[in-house]
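Letters A, B, ... are given to chains in the order of the sequence lines, protein chains preceding strands, and every chain is numbered from 1.
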There are 2 protein chains.
Amino acid sequence: MDTAGVAADTMPTGPCARIPEGQSAFVREILERVGDKWTLLVIATLQQGVRRYSDLHHTVPGISQRMLTLTLRQLVQDGLVTRTAYAEVPPRVEYALTPLGISLLDIVGALIDWVSTHHDEIREHRTHAGQATRKSTTKPTPMNAKS
Amino acid sequence: MDTAGVAADTMPTGPCARIPEGQSAFVREILERVGDKWTLLVIATLQQGVRRYSDLHHTVPGISQRMLTLTLRQLVQDGLVTRTAYAEVPPRVEYALTPLGISLLDIVGALIDWVSTHHDEIREHRTHAGQATRKSTTKPTPMNAKS
DNA sequence: CAGGATCCAGTTGGATACTG
DNA sequence: CAGTATCCAACTGGATCCTG
């Protein structure tokens, strides 16, 4: 899958192809959206259907009420999740993914898949890192005879 | 917008359809890898070819030496980027993406593409959010539970 | 030029307690 | 049950100075 060229439309590979500043703003926007600690986890849980607050609190291991509330509120505000509150005596609130949220989850699935595929490869690098990164013993074209 | 019945009725996957704990660990690993402030930006810059330290420092707007060094070191350690140091009088170090890093960038491209497509949609939600998310005045089916 | 070391501000996020 | 509010520890990341 390393040979697949999916979306490189706005990324010209020319010699002077510096990174567009607008593009970096986009990258930032992604990270601020899904790059926090719980957003993706909540979305992934919501993928399996409508969930109540306590359900989410129980399903996502280790999340606090504060973080769950904050994450959900952000997701609702961004239109990725719907919130439905029932005015019952025991309060009941249900959260569900919107089509927009589902589409995001679809993209994220590819990322999860990537990590599942390469995470052992990465871990291998992490363990004994630093043998080819040494001073260039292979000598590509060093020593420009500066002096 | 208010059609929250996206997949509400579809409650399959049985009672034990909770999110796999191993999966959440994977999600975490993704975020800790590419979810920081600069990693994706550096990778995106490296997509355009081999870059020197100062090149990266100049190309990625606003990054500090500390963060550039830390990000690069992490990427090299994970096997996503190669580091080549030339033993010249003016030190020269070049960074380049490995096939693994390229494959990651390919996945991330899809994410960028998603944001490019839906970011105006999200912004629209963010601006006037909070009218359909109110207490259910429509009274869906507030059936009194048993107790 | 490339990067290490240190200090410090801003932010994230967890634990707890309280409310409607 | 479904949050809200407050406090606080940990981490992130920027600025600056220093080294090979």
Side-chain angles (χ1 to χ4, degrees), chain A residues 24 27-28 31-42 50-77 81-96 130 133-136 142-144 146-147, chain B residues 24 27-28 31-42 46 50-77 81-96 130 133-136 142-147:
Chain A
S24 56
V27 175
R28 276 291 171 65
L31 297 179
E32 286 169 12
R33 181 106 23 225
V34 300
D36 63 2
K37 201 173 179 182
W38 300 107
T39 298
L40 286 187
L41 256 24
V42 171
V50 178
R51 291 282 183 172
R52 297 175 59 173
Y53 184 89
S54 52
D55 283 341
L56 291 169
H57 190 31
H58 174 255
T59 305
V60 181
I63 195 171
S64 60
Q65 297 94 322
R66 193 182 109 100
M67 278 302 108
L68 181 56
T69 301
L70 259 54
T71 303
L72 285 171
R73 186 154 46 180
Q74 176 195 287
L75 289 172
V76 169
Q77 187 182 246
V81 164
T82 57
R83 187 193 120 114
T84 311
Y86 299 88
E88 301 175 356
V89 182
R92 183 162 57 100
V93 179
E94 290 182 346
Y95 294 92
T133 61
R134 279 298 189 186
K135 294 276 186 171
S136 62
M143 309 305 184
N144 296 44
K146 199 81 171 283
S147 61
Chain B
S24 57
V27 175
R28 275 291 172 64
L31 297 178
E32 286 168 13
R33 181 108 21 228
V34 301
D36 63 0
K37 201 174 179 181
W38 300 107
T39 298
L40 286 186
L41 255 25
V42 170
L46 250 30
V50 178
R51 290 281 183 172
R52 296 177 58 176
Y53 184 89
S54 52
D55 283 340
L56 291 169
H57 191 29
H58 174 255
T59 305
V60 180
I63 195 171
S64 59
Q65 298 93 324
R66 193 182 107 99
M67 277 303 106
L68 180 55
T69 301
L70 259 53
T71 302
L72 285 171
R73 186 156 44 179
Q74 176 195 284
L75 288 172
V76 169
Q77 187 183 246
V81 163
T82 57
R83 186 193 120 115
T84 311
Y86 299 87
E88 301 175 358
V89 183
R92 182 162 57 100
V93 179
E94 291 182 345
Y95 294 92
T133 61
R134 276 301 186 190
K135 291 277 187 170
S136 61
M143 67 295 269
N144 325 27
K146 38 211 189 114
S147 168

[X] [atom1] - [N] [atom2] separation (whole Å):
X       : N      : atom1 : atom2 : result
A:His57 : C:dT16 : NE2   : P     : 12 Å
A:Leu68 : C:dT16 : CG    : P     : 18 Å
A:Met67 : C:dT11 : CE    : P     : 14 Å
B:Tyr86 : C:dC1  : OH    : P     : 17 Å
A:Ile63 : C:dT12 : CD1   : P     : 15 Å
B:Leu70 : C:dA5  : CG    : C1'   : 12 Å
A:Arg33 : C:dT12 : CZ    : P     : 13 Å
B:Leu31 : C:dT12 : CG    : P     : 15 Å

Looking only at heavy atoms, what is the nearest atom pair of [X] and [Y], with distance?
X       : Y       : answer
B:His57 : B:Ile63 : CE1-O, 2.9 Å
B:Asp36 : A:Leu31 : O-CD1, 3.1 Å
B:Val50 : B:Ala96 : CG2-CB, 3.9 Å
A:Leu40 : A:Val34 : CG-O, 3.7 Å

Any chance you could measure [X], atom [atom1], to [Y], atom [atom2], to the nearest 0.5 Å?
X       : Y       : atom1 : atom2 : answer
B:Leu56 : B:Tyr95 : CG    : OH    : 8.0 Å
A:Gln65 : A:Tyr53 : CD    : OH    : 5.5 Å
B:Arg73 : B:Arg83 : CZ    : CZ    : 9.5 Å

Residue whose closest nucleotide on DNA chain D lies nearer the 5' end, A:Leu72 versus A:Arg66: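 Nearer the 5' end of the strand: A:Leu72.
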Starting at the 5' end of DNA chain D and moving along, which residue's nearest nucleotide shows up first, B:Gly35 or A:Thr69?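 Going by which nucleotide is closer to the 5' end, it is A:Thr69.
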In terms of side-chain heavy atoms of A:Gln65, which of C:dT16, C:dC1, C:dG20 is nearest?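 The listed nucleotide nearest to A:Gln65's side chain is C:dT16.
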Inter-end axis angle, the helix from C:dC1-D:dG20 to C:dG20-D:dC1, with every axis fitted to five base pairs (rounded, 10 degrees):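 The two end axes of the helix from C:dC1-D:dG20 to C:dG20-D:dC1 meet at 40°.
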Note, B:Arg28 side chain near A:Leu41 side chain (heavy atom, < 4.5 Å):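 Sidechains of A:Leu41 and B:Arg28: in contact.
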Do you know which of B:Val42, B:Leu70, B:Thr82 makes side chain to side chain contact (heavy atoms under 4.5 Å, CB included) with B:Leu75?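 The single option meeting the side chain to side chain contact (heavy atoms under 4.5 Å, CB included) with B:Leu75 is B:Val42.
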At under 4.0 Å between heavy atoms, what does B:Arg73 touch on the DNA or RNA strands: base, sugar-phosphate, or nothing?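 Contact class for B:Arg73: sugar-phosphate only.
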With a 4.0 angstrom cut-off to heavy atoms of chain A, pull out the first and last contacting nucleotide of DNA chain D, in 5'-to-3' order.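 The contacted stretch runs from D:dC1 to D:dT6.
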